[in-house]
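Chain letters run A, B, ... following the sequence lines, proteins first and then strands; every chain starts at 1.
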Amino acid sequence: MNFWIEIRENLVIAYRAITANKLRSFLATLGIVIGVTSVTLMQTAIEGINRAFEKSISAVGADVLYVQKFEWFGKEDFSYYRNRKDITMNQYEYLKDNTQSAAIMCPSTGTSKVLKYRDLVLENVFVVGTTDEYQETFGANMEEGRFFTKNESDGAYPVCVIGTDIRNAFFENADPIGKSIKIGTYSFRIIGVVEKQGSLLGLFSLDNRVLIPIERFFNLFGGKRSLSINIKAADINDMDETKEEVRSIMRKARKVDYGDRDDFGVNQQEAFKTTYESLTSLIKIIGTLITSLSLIVGSVGIANIMFVSVKERTKEIGIRKAIGAKRRTIMYQFLIESVAICLLGGLIGIMIAFPISLIIDAYVLPTAMPLWVILLGIFVSLLFGVLAGFFPAYSASKMDPVESLRYE
Amino acid sequence: MNNANGIPVEESSNLIQIRNVTKLYVMGSEELYALKGISMNIARNEYVAIMGPSGSGKSTLMNILGCLDTPTSGDYFLNGKNVSEMDDDELAEIRNKEIGFVFQTFNLLPRSNALHNVELPLVYKGMPKADRIERAEQALFDVGLQDRMKHKPNELSGGQRQRVAIARALVNDPSIILADEPTGNLDTKTGQEIMELLEQLNLKGNTIIIVTHEEDIAQHARRIVKIRDGDIEADYLSKRGKEIQRPDGE
């Protein structure tokens, strides 16, 4: 009861003190406004970059494992991985027959070729050889037509499924289904178009690809290639289990001796995230620290103003003490004032940062100011209000009533 | 037993007892005793003037009596409680409950209106708002300012400001009203009005101590204590005090 009466009184005092010196309060809080604006915008930008990254690797599939010669972001030399034995169709068959915890898997291999349709030419199109299980492994939806069947896959039919980039380049106004295109020098009939998938890390377009039955691929472009075995886990929550099972079966298939290192990699989206984190975490920390500096400068400004405010109201402190204000009461009075100024600055900062985040979202990078950033802004301004106000408030609470009453 | 005004007083009703109180100020290498071992009693419902030239120690004595300061040595019993051993917060509570201050410069909060100024001791006491307003309004009514409650100090005359200060001193129903040169900043006529108001409060049963260096102001009190060089020089009944001496000859 007592406590709340004091707090309410102190809120009234803070309101009066702030409104009595509007310009000074505004100037004092400007540092906090700038600080909170920059901190929240920094966090919003980080959030945006994270989201952009997540989106750009979504095509990799969170629940897909890739058994390959290479390890993604591996630490060894390129030659170390290159000299490993190829991953073969036999190993794929063995893995497929023995793995319990995989929902589905498909082999794939690829190479770059020139694509031709009549007199139109596309250089550097990535040709993927795979099986009909590819569609289920990656959940690739068809925009037009269909994927190739098991029959077409096993029978090495000259059929292909194209990405939207190729469709747009060759068949702007025409129906691509049933048309014949040339991959290198070999003719294929288009049976489907995969819907737009975007690009991986913004570098490698997944829509500039053409998919053909893997047996056909081997026949035309050579079979001495290492495969990637793409495995969709039965349960995304048991990825580690699936990974372990795949590892042990692959070691058996490739006759890796007990105690020797794996001579293959079991890759997953996680590797991108880990690498991304290690690359960006330091930048994020530094960015956060630099933006926090402005907050610190701002709170020093508040502390300064609070010291002035305490000095200026020495007499008032004396009067309040004479009629019964305890140390705590005086302390709260100035702490609340400082917190109120900082909170005001924080709210103004958020009100400035929010529309800027919308502009960033519209023109620079898809982002949004998440609720936690707004709460962070409020929390940070509260925190700095307490920090900035503490020493001035403490010095006010310690004032001697006799001397402060004498102060003019 | 009744006092001069016919108001009953308790036996052994020493509201204030100070014994051998000293106050030492150390300034650099110099030591100065502002009070050199003062002992005195003040009974409930007394009206005492403390007089002395500047530098006599009367302000120091007032600060100690008002619990704004503690003695270097000696004891101060207020209402039977030894105030000289209390810490800052305990003293604040005593000031809040037992003492009402009236200052020469009024010492009102400039941004608050009269009502809020008077209400403030009750805020620190922790009284709910409705009760506070009622008490503060009553106190302002008692000093004749019922139609000035919403005025800020700068909208009031000196005499009115001092009345607000008196209302603030009264509002928490304290044991002592301690007035430090209450008429020092007022013209003679207004000063007389304020002294009359204090007189009435004394007649209603309030214990009043005023600190002054003006002889004619001191003559409003019943008893005069003269301080010189940190010691009591004289302690006697004023003319008025003699006129209304207690019937039992005490």
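The contact between A:Arg8 and chain B is made entirely by side chain atoms (from C-beta outward), counting heavy-atom distances below 4.5 Å. Contact of A:Ala20 with chain B is made through the side chain alone, with heavy-atom distances under 4.5 Å. For chain A, no part of B:Ser59 is nearby; none of its heavy atoms comes within less than 4.5 Å. The part of B:Lys129 that comes within reach of chain A is its side chain, from C-beta onward, which places non-hydrogen atoms under 4.5 angstrom from that chain. B:Asp88 touches chain A through its side chain: at least one heavy atom from C-beta onward sits under 4.5 Å away, while N, CA, C and O do not.
Heavy-atom minimum distance, B:Ala92 versus A:Ala325: CB-O, 3.6 Å. Closest approach of A:Gly324 and B:Tyr124 over heavy atoms only: O-CB, 3.8 Å. The two residues A:Ala322 and B:Phe103 come nearest to each other via the heavy atoms CB-CZ, 4.1 Å.
Heavy-atom contacts from other residues, nucleotides or ligands closer than 6.0 Å to CD of B:Glu134 number 12 or fewer. Annotation for A:Phe26: atom CZ does not count as buried by contact number, only 12 or fewer foreign heavy atoms lying within 6.0 Å. Enclosure of atom OH in A:Tyr394 is not indicated, since only 12 or fewer non-hydrogen atoms of other residues, nucleotides or ligands lie within 6.0 angstrom.
In terms of heavy-atom pairs under 4.5 angstrom with chain B, the leader among A:Glu9, A:Arg313, A:Lys315, A:Lys321 is A:Glu9. For the set A:Val12, A:Ile319, A:Leu405, the entry with the most heavy-atom pairs within less than 4.5 Å of chain B is A:Ile319.
Residues of residues 66-78 of chain B lying under 4.5 angstrom from chain A, judged on non-hydrogen atoms, are B:Leu68, B:Asp69 by number. Residues of residues 326-352 of chain A lying within less than 4.5 angstrom of chain B, judged on heavy atoms, are A:Lys326, A:Arg327, A:Thr329 in numerical order. Chain A is approached within less than 4.5 Å, heavy atom to heavy atom, by no residue from residues 25-38 of chain B. Contacts between residues 107-117 of chain B and chain A, defined by a heavy-atom separation under 4.5 Å, are made by B:Asn107, B:Leu108, B:Leu109, B:Arg111, B:Ser112, B:His116.
A heavy-atom distance below 4.5 Å is found between the side chains of A:Ile5 and B:Val123.
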